[in-house]
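Predicted model, so just to flag it, every value in this text is computed and none were measured. In what follows, chains are A, B, ... by sequence order, proteins preceding strands, each numbered from 1.
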Amino acid sequence: MDYKQQIADILSEKTGLDRENILKLVEIPPKQDMGDYAFPCFVLAKTLHKAPPVIASEIAPAIDVTGTPFKVKNVGPYINFFIDRSALASDVVGRIVAEGDDYGSSETGAGKNVIVEYSSPNIAKPFHVGHAFTTILGNSLSRIYRKLGYNVIRMNHLGDYGTQFGKLITAYRLWGDEEALNKDPIGELLRIYVKFHQEEKKDPSLTTSARENFRKLEEGCPEEVELWQKFRDMSLVVFNQLYRRLGVEFDNYNGESFYSDKIPEIVDILNEKGLLVESEGAKVVMLDDEGLPPCIILKSDNTTIYASRDLASALYRYRTYNFDKNIYVVGGTQALHFKQVFAVLKKAGFDFADNCEHVAFGLVKFKGMTFSTREGNIVLLEDLLDEAVSKTREIIVRNAEERGQDMSEEEINDISEKLGIGAVIYTYVKSGRERDIVFTWEDMLDFNGDTAPYLIYTYARTRSILRKASDSGITGIENADLTVLTGDDEYALIRALSELPESIVKAASSNEPFMIARQISEIARAHNRFYNNSNILNCDDEKLKTARLALCDAVCTAIREGLDLLGINVVERM
RNA sequence: GAUUGCGUAGCUCAGCAGGAUAGAGCGACCGCCUCCUAAGCGGUAGGUCGGAGGUUCGAAUCCUCUCGCGAUCGCCA
């Protein structure tokens, strides 16, 4: 049973406050020696007409702790609860060893569908370090929701439509090189796209041509559609290589084009409800009463725009999946757009609008400059991954030499790849998602401190101990007497382990994977302290040794599981 | 200008349905490998939580104002 619940029961009886109220007030003290939970007595001061410290000093000694794992002590205005270390150790470590990778999972989402839209790159454009944010965040969120029992539908809403394709078709006909396209599709498409924007400044007829080509594409003209299909297919091959490398998967690649033929229905619905009005030549839905600017549904040339596509896709998704939650992992620069889309849905009477959520994230900047595809000043994600992997490789080779480890070339490559990519992923999920990431090579390639390599290192080193234990015939770890794990370092570590499930729940409710990152980071730090100050394999006391090995096993499970939720792989040695 | 987000240690960030002496990592300085992987561990230095008011027994956290930075604001996505 939950310790907090027990405390609420006890306090409810003593104070007369209801359990819900108490649960909200009970907090975790700032320091370990202050106990595990604390109840602040300020709220009782008014009703009891006594000073909080007096109240605490009266209630604390009156609490009967027989039959509970607690010790109670009043400190100033607080009633502090100390969980018996032996009980906590058996409970937490025992559970992790028994549950294994299921530790922290739950069934709260059983039978519920959650749609996570993420990555959604634009076809024909390079995948730069900015696109990595949505890809990594969405992947992590998908894993977190799945862990909590939800049925997750991962959607890659490809940017495979829009006037940009008009531009590309125009540009390709003027300057395209088929050979170059086959060799390096994205590179060639980027070249002509950048050229288009340069030339467009001098020659406005290009803009007209591009717009005309997009119109033809939308009307289904064969030549335009064929070119578009070619660009799309070639781009996807390239993207999929990157996804495979990142361990990112999707259930669905329905891009904007997929929803194109579903837009007329949305337009009709809006029309019927009298929401669609003409304004400056375009068809819009006014949102003044929401305090929002008008939402454009059809442009003055009668072509669609992204808002209309997002409306159509939301309706389609609701009909297809009857989602409990529909999450858009899209940059914060589009906050207004999503507010408008959700507001239009609501106005049209679609109550599922309330279950749609824009999960925003910050900008990725480089030396204070924003990346711009048009201007070509970007860092490709692939280049970042390669740099991280090769830097990692150097370190591994050097360490293996120093440690006298015998590693095959394949193993070195495998470890470098996992660590390097893990390091990159971790930098995206270690902070709150709405923070901008200021990109510097120095920071990105620093693998000390709070980084994935640190966490994986902690894991690998601990796995090494468990291997050695197994090799030397030590058994009974799963049945160890865990009550002996009462040292300060052990206790701090166990407490950190105990908080992992709650951090997963919080990560989901706030759509913030960093909460898990922080928790496993704290576990790793606590464990390294323990590792440094205590003997595990060299422990004289056999009983304690077995218990510590069980603790090591629990730590490995927690770190592996936590990293997995972030989309990062561990290695067994490094 | 309007809307919105942000401003916490030299740097990068936690903490913010108010609560105990504001925490990590990096960097700096000083230590720790005859011992389970030193990508590790310990210690020291470093903060008037952008500023000013207010609410409160109590404010980094809530309210108002203000300064600074970013994003967004109808036919790109």
Side-chain angles (χ1 to χ4, degrees), chain A residues 24-25 27 29-31 34 38 40-43 45-46 51-52 75-78 80 120 122 159 161-164 167 256 279-284 291-301 303-307 309-310 330-337 339-340 360 362-363 365 370 374 392 395-396 398-400 402-405 419 423 427 430-432 434-438 440 442-443 446-458 460-469 514-515 518 521-522 524-525 528-539 548 552 573-574:
Chain A
K24 270 189 234 166
L25 290 167
E27 55 193 69
K31 294 227 164 164
M34 292 165 143
C41 293
F42 304 97
V43 282
K46 270 185 188 145
V75 181
Y78 292 86
N80 292 356
S120 312
N122 286 330
Y161 227 55
T163 48
Q164 51 175 326
K167 293 177 187 174
E256 291 164 359
S279 166
E280 297 172 31
K283 301 277 198 319
V284 310
L292 296 169
C295 182
I296 296 183
I297 307 297
L298 291 175
K299 297 186 277 190
S300 34
D301 63 357
T303 56
T304 61
I305 189 169
Y306 57 110
R309 290 193 275 273
D310 274 338
V330 179
T333 56
Q334 293 187 49
L336 179 59
H337 165 248
K339 272 187 197 165
Q340 289 176 304
L363 295 168
K365 295 175 178 176
T370 307
R374 287 184 192 186
T392 305
I395 299 171
I396 291 171
R398 192 191 334 129
N399 283 348
E402 279 173 16
R403 294 169 190 160
Q405 285 169 312
L419 279 175
T427 62
K430 71 190 288 190
S431 303
E434 305 222 38
R435 287 263 178 193
D436 293 345
I437 292 178
V438 179
T440 66
E442 199 189 349
D443 290 347
D446 180 5
F447 301 147
N448 294 315
D450 188 17
T451 61
Y454 170 80
L455 298 173
I456 299 170
Y457 173 72
T458 305
R461 203 201 211 180
T462 310
R463 288 291 297 160
S464 166
I465 292 175
L466 290 167
R467 272 196 306 276
K468 283 181 180 163
F514 90 90
M515 293 192 173
R518 274 195 108 72
S521 171
E522 190 179 328
R525 247 177 290 124
N528 282 329
R529 212 172 300 135
F530 161 64
Y531 171 97
N532 222 264
N533 298 337
S534 312
N535 286 318
I536 300 167
L537 272 180
N538 304 328
C539 180
R548 284 180 171 173
C552 285
R573 64 174 197 153
M574 62 189 263

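Here A:Arg309 lies in heavy-atom contact (under 4.0 Å) with sugar-phosphate atoms only. Among the atoms of the strands shown, only primed sugar atoms or phosphate atoms (P, OP1, OP2) are found under 4.0 Å from some heavy atom of A:Ile305. Contact annotation for A:Ile396: base contact, defined as any heavy-atom pair under 4.0 Å involving a base atom. At a threshold of 4.0 angstrom between heavy atoms, the contacts of A:Pro40 with the nucleic acid are absent. Among the atoms of the strands shown, none is found under 4.0 Å from any heavy atom of A:Ala51.
A donor-acceptor contact under 3.5 Å is formed by the side chain of A:Ser300 with the base of B:rC75. A donor-acceptor contact under 3.5 angstrom links the side-chain atoms of A:Tyr306 to the base of B:rA77. Judged by distance alone, with hydrogens and angles left aside, A:Thr458 brings no side-chain donor or acceptor close enough to the base of B:rG40 to form a pair under 3.5 Å.
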For nucleotides 10-16 of chain B, tabulate all protein N/O to nucleotide N/O atom pairs closer than 3.5 Å, reporting atom names and distance.
from: B:rC13; atom 1: OP1; to: A:Asp436; atom 2: O; distance (Å): 3.2
from: B:rC13; atom 1: O3'; to: A:Arg435; atom 2: NE; distance (Å): 3.4
from: B:rA14; atom 1: OP1; to: A:Gly432; atom 2: N; distance (Å): 2.8
from: B:rA14; atom 1: OP2; to: A:Arg435; atom 2: NE; distance (Å): 2.7
from: B:rA14; atom 1: OP2; to: A:Arg435; atom 2: NH2; distance (Å): 2.7
from: B:rA14; atom 1: O4'; to: A:Arg518; atom 2: NH1; distance (Å): 3.4
from: B:rA14; atom 1: O2'; to: A:Arg518; atom 2: NE; distance (Å): 2.6
from: B:rA14; atom 1: O2'; to: A:Arg518; atom 2: NH2; distance (Å): 3.3

Produce the list of close N/O pairs, under 3.5 Å, pairing protein atoms with atoms of nucleotides 28-35 of chain B; give distances to one decimal.
from: B:rC35; atom 1: O2'; to: A:Asn538; atom 2: ND2; distance (Å): 3.0

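Nucleotide B:rC49 forms a pair with no other nucleotide shown, judged by Watson-Crick or G-U wobble geometry with both contacts under 3.5 Å. Using the Watson-Crick or G-U wobble rule with both distances under 3.5 Å, B:rC69 pairs with B:rG5. Applying the Watson-Crick and G-U wobble criteria (two distances, each under 3.5 Å), B:rC26 pairs with B:rG10.
With sequence neighbours left out, the side-chain hydrogen bond (donor to acceptor under 3.5 Å, both in side chains) criterion links A:Asp301 to A:Thr303.
With distances taken from any side-chain atom of A:Asn80 to the nucleotides B:rG25, B:rA20, B:rA38, the minimum falls on B:rA20.
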